[in-house]
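Here is the structure we will look at, set down as structure tokens.
Counting starts at 1 for both ligands and their atoms, in listed order.
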Amino acid sequence: GALLKNADGIRRMASLVREFQYEPMVVVISAIGKTTNALEELYRLYILKNNEQLQEKYVQLKQQHIQLVEALQIPAPEKTIHGLEENFRKLWNALNIHYKDWYYGYDQIIPFGEEFSGKIVKAYLSSQGIPVHFEDAHNLIITDSRYTNASVNWEMTEKSIKARILPVLNNRKVVLTQGFVAIDKKGISTTLGREGSDFTAAILAYILEAKEVCIWKDVPGLMNADPRLFPEAVKLPHVSYNEAIELAFYGASVIHPKTIQPLKKKGILLKVCS
Ligand code: ASP
Ligand code: MG
């Protein structure tokens, strides 16, 4: 999310992908910048039935995304803009139906952020000549129905990831997918908890037996304290899995707490890249 917050960030991301494009790679993306927070705000306004502000914030979010496509200066942007507008229409419809409970509704609204960023990133990578295949995470990560904080069904997820991702990697294409979002056995959208994209990457890495996971952040790396609160905080060059779990548990927000476990089990290296 932090890396994708503007056109320069997306260009930077594409250059990173290009650097590694000849190795089998899955790119997991989050929503652009603070989009997830903006969607949470839309959902709040929906609950409050504050239609005026809802409409205003919705238009704002849509404008931001369209302006980002324009700033990227890809050839024939109309197709991507059209696709985004379609997604935004779906979001608007989703903000106009009744949900049986708050958690369920949340998981129908918030995943749109990754939908939008997926469209934009796919279009940009393709425009750069990078062979990329977008695979909807709803086809990959299967969970229970604990909306907003779903648990992975590993058996089903392994089957779907292997069936859908391995052939694409064998075809020497870069796989692009959304983090954080998943689906339950009923085919209804679920999410893995805020900042869950890292966990999605860990799930994919575990099942595909990846060599390493790199999470790209806008902070220098893993620190021994929150640098905003403790100016004397220092970067930790190497950390054991157990220390990382402990750090995540005590609030090192750079790592999602569930991320380390699957990596530890298979000895997969986790790099926090700036
Ligand atoms: N976009 C989601 C969030 O902001 C997931 C993530 O960023 O990892 O929580
Ligand atoms: Mg995010």
Side-chain angles (χ1 to χ4, degrees), residues 1-7 9-10 12-13 16 26-44 57-58 60-62 64-65 68 84 87-88 90-91 94 102-122 134-138 140-141 143 146-152 157 175-183 189-206 213-219 221-222 244 247-249 251-263 270-274:
L3 184 57
L4 305 177
K5 70 172 181 259
N6 54 31
I10 293 183
R12 169 104 181 95
M13 183 229 39
L16 294 169
V26 181
V27 178
V28 178
I29 50 163
S30 171
I32 277 159
K34 298 267 175 253
T35 298
T36 304
N37 292 355
L39 286 163
E40 283 185 347
E41 176 65 5
L42 290 183
Y43 188 43
R44 197 180 67 89
K57 299 261 156 140
Y58 163 84
Q60 235 174 38
L61 191 64
K62 184 166 147 185
Q64 277 168 13
H65 279 80
L68 183 57
L84 269 179
N87 282 153
F88 269 92
K90 285 188 187 153
L91 167 61
W102 186 88
Y103 301 92
Y104 178 96
Y106 183 100
D107 281 2
Q108 312 319 307
I109 305 288
I110 311 303
F112 275 99
E114 276 70 14
E115 207 76 46
F116 306 146
S117 61
K119 272 247 147 79
I120 297 175
V121 169
K122 162 86 186 355
F134 181 79
E135 185 66 49
D136 191 335
H138 290 115
L140 300 175
I141 314 288
T143 65
R146 262 185 53 207
Y147 302 107
T148 74
N149 191 18
S151 297
V152 176
T157 299
V175 176
L176 176 70
T177 191
Q178 319 97 297
F180 169 65
V181 313
I183 202 155
S189 190
T190 61
T191 60
L192 303 172
R194 284 299 310 263
E195 307 298 330
S197 296
D198 301 350
F199 182 42
T200 302
I203 298 166
L204 282 152
Y206 176 86
V213 173
C214 302
I215 47 179
W216 294 88
K217 297 281 178 185
D218 61 349
V219 293
L222 187 61
L247 280 162
F249 180 78
S253 56
V254 73
I255 318 173
H256 185 280
K258 289 186 194 162
T259 303
I260 311 291
Q261 208 67 48
L263 302 179
L270 174 69
K271 285 186 183 165
V272 180
C273 305
S274 180

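- Ionic pairing of R194 and E40 is present here: one or more N-O contacts between side-chain nitrogen and carboxylate oxygen are shorter than 4.0 angstrom.
- In this structure, the side chain of T157 does not engage the main chain of I141 through any donor-acceptor pair within 3.5 Å.
- Between the side chains of D107 and T191, at least one donor-acceptor pair of N or O atoms lies under 3.5 Å.
- Ligand 1 is surrounded by S30, A31, T36, E114, F180, R194, E195, G196, S197, each with at least one heavy atom closer than 4.0 Å.
- Looking at every heavy atom in both residues, T35 comes nearest to G113 through CG2-CA, 3.8 Å.
- Here 1 is the count of protein N, O or S atoms positioned under 2.8 Å from the Mg ion (ligand 2), waters not counted.
- Scanning both residues, A38 and L61, for their nearest heavy atoms gives CB-CD1, 3.8 Å.
- Here the closest heavy-atom approach between residue V28 and residue S197 is recorded as CG1-O, 3.8 Å.
- Across all their heavy atoms, Q108 and A94 have their closest contact at O-CB, 4.5 Å.
- The number of heavy atoms from other shown groups lying within 6.0 Å of NZ (K34) does not exceed 12.
- Taking each heavy atom of G118 and L176 in turn, the nearest pair found is O-CD2, 4.0 Å.
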